[in-house]
Visitor: 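The structure follows.
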Amino acid sequence: GAVVSQHPSRVICKSGTSVKIECRSLDFQATTMFWYRQFPKQSLMLMATSNEGSKATYEQGVEKDKFLINHASLTLSTLTVTSAHPEDSSFYICSARSYDTGELFFGEGSRLTVL
Amino acid sequence: DAKTTQPTSMDCAEGRAANLPCNHSTISGNEYVYWYRQIHSQGPQYIIHGLKNNETNEMASLIITEDRKSSTLILPHATLRDTAVYYCIVRVKAAGNKLTFGGGTRVLVKP
């Protein structure tokens with residue numbers, strides 16, 4: 001099946017630093033990618049939708065200047081958590097929509113811990 | 001996307017069939033029923049989807065009622081590795097259409 005890879009899978013950083021998470025579709029082209037955040041024992045919450053070559057669309061309550069999303073190619077989207085704080089610690093998951101089939105595939109997730 | 005309602009949790013015995021219900025009474029004619037599961041600390045895994053007809057694949061079967069207002073995911077022979085949160089989602093299979101997750105059903109398979 002289609003594979004979506006996230007990197008890094010785990011990251012620990014100090015408060016105030018920025019962290020970049022990559023999401024790659026390995027064997028298909030993805031015109032649309034989605035970024036989710038998941039806190040312990042909660043469901044996935046959609047943060048933003050990113051379309052290749054255009055600005056991301058953020059869900060209500062998600063700060064676009066805090067969570068920078070770039071979708072520069074059909075196989076790569078990045079999420080940068082700027083000036084991270086402990087409350088940004090979470091499990092971040094991306095999903096990519098296949099250009100050919102329209103189906104959605106998920107990455108393995110990236111666990112961010114901000115000290 | 002239409003909203004879905006699932007039980008919060010359920011237990012099932014290893015080796016037995018697990019039947020997971022989902023209500024989606026406001027589903028539209030062009031919305032598909034999708035099932036994903038999430039094993040602890042992993043990304044969601046696609047299981048199966050359908051529009052009107054019942055579907056079966058190597059992982060599970062999906063039974064959709066004739067009025068499409070509810071469906072049941074069947075894991076024919078549950079194993080301990082099937083312990084996960086199962087999400088039932090309805091969505092239009094269209095460009096850019098996002099997937100919105102509800103609470104899901106936390107399934108615990110017991111030996």
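Chain A is the first sequence line, chain B the second, and so forth, proteins listed ahead of strands; every chain is numbered from 1. Note that this is a predicted model, so its numbers are computed, not measured.
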Visitor: Is the OH atom of B:Tyr46 crowded by more than 12 outside heavy atoms at less than 6.0 Å?
Guide: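 Atom OH in B:Tyr46 is packed in, count exceeds 12.
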Visitor: Any chain of hydrophobic side-chain contacts (each under 4.5 Å) joining A:Met47 to A:Val11?
Guide: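 Yes, because A:Met47 and A:Val11 connect within a single hydrophobic cluster, where side-chain heavy atoms sit under 4.5 Å apart.
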Visitor: Measuring heavy-atom distances to chain B, does A:Gln38 have an atom under 4.5 Å in its side chain, in its backbone, in both, or in neither?
Guide: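 Only the side chain of A:Gln38 comes within 4.5 Å of chain B.
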Visitor: Please look at A:Leu44 and chain B and tell me whether the side chain, the backbone, both or neither of the residue comes under 4.5 angstrom of a heavy atom of that chain.
Guide: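 The answer is both parts of A:Leu44.
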Visitor: State, to 0.1 Å, how close A:Lys41 and B:Arg106 come at their nearest heavy-atom pair, and which atoms those are.
Guide: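 Closest approach of A:Lys41 to B:Arg106: CA-NH2, 4.2 Å.
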Visitor: Under 4.5 Å heavy-atom distance to chain B, tell me which part of A:Tyr36 shows up: side chain, backbone, both or neither.
Guide: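 Interface part for A:Tyr36: side chain.
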Visitor: Minimum heavy-atom separation for A:Gln42 and B:Tyr87, please, with both atom names.
Guide: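 Shortest heavy-atom contact: O-OH, 4.4 Å.
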Visitor: Starting at CD of B:Gln45, measure out to CZ of A:Phe105 and round the result to the nearest 0.5 Å.
Guide: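 These two atoms lie 12.0 Å from each other.
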Visitor: Can you establish whether the number of heavy atoms outside B:Met59 located under 6.0 Å from its atom CE is more than 12?
Guide: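 Buried by this count: over 12 neighbours within 6.0 Å.
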Visitor: Kindly state whether the ring of B:Tyr36 and the ring of A:Phe106 have centres lying under 6.0 angstrom apart.
Guide: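 They qualify: ring centres under 6.0 Å apart.
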Visitor: Return the CD to OG1 distance between A:Glu59 and B:Thr100, rounded to the nearest 0.5 Å.
Guide: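 One gets 7.0 Å once the value is rounded to the nearest 0.5 Å.
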Visitor: Please determine whether the number of non-hydrogen atoms from other residues, nucleotides or ligands lying under 6.0 Å from atom NZ of A:Lys66 exceeds 12.
Guide: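 More than 12 within 6.0 Å, yes.
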Visitor: Please give me the minimum heavy-atom distance between B:Gly102 and A:Ser43, naming the atom from each residue.
Guide: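 Minimum heavy-atom separation between B:Gly102 and A:Ser43: O-OG, 2.5 Å.
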Visitor: Honestly curious: do B:Ile64 and B:Tyr86 fall in one hydrophobic cluster under the side-chain, below-4.5 Å linking rule?
Guide: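 Cluster IDs for B:Ile64 and B:Tyr86 match.
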Visitor: At a 4.5 Å cut-off on heavy atoms, which part of A:Ile93 comes close to chain B: side chain, backbone, both, or neither?
Guide: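 Interface part for A:Ile93: side chain.
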Visitor: Mind checking whether A:Tyr58 and A:Leu46 sit in one hydrophobic cluster, side chains of I, L, V, M, F, W, Y counted as touching below 4.5 Å?
Guide: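 They do not share one cluster, since no chain of ILVMFWY contacts under 4.5 Å joins A:Tyr58 to A:Leu46.
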Visitor: Grab the two heavy atoms, one from A:Phe91 and one from B:Gln42, that are nearest each other, plus how far apart they are.
Guide: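 For A:Phe91 versus B:Gln42, the nearest heavy atoms are CE2-O, 3.6 Å.
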Visitor: Is A:Trp35 reachable from B:Leu99 through a run of hydrophobic residues whose side-chain heavy atoms are each under 4.5 Å from the next?
Guide: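 In one cluster: no.
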Visitor: Verify the cluster assignment for A:Val114 and A:Phe67: are they in a single hydrophobic cluster under the rule of side-chain heavy atoms below 4.5 Å apart?
Guide: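 They do share one cluster, since a chain of ILVMFWY contacts under 4.5 Å joins A:Val114 to A:Phe67.
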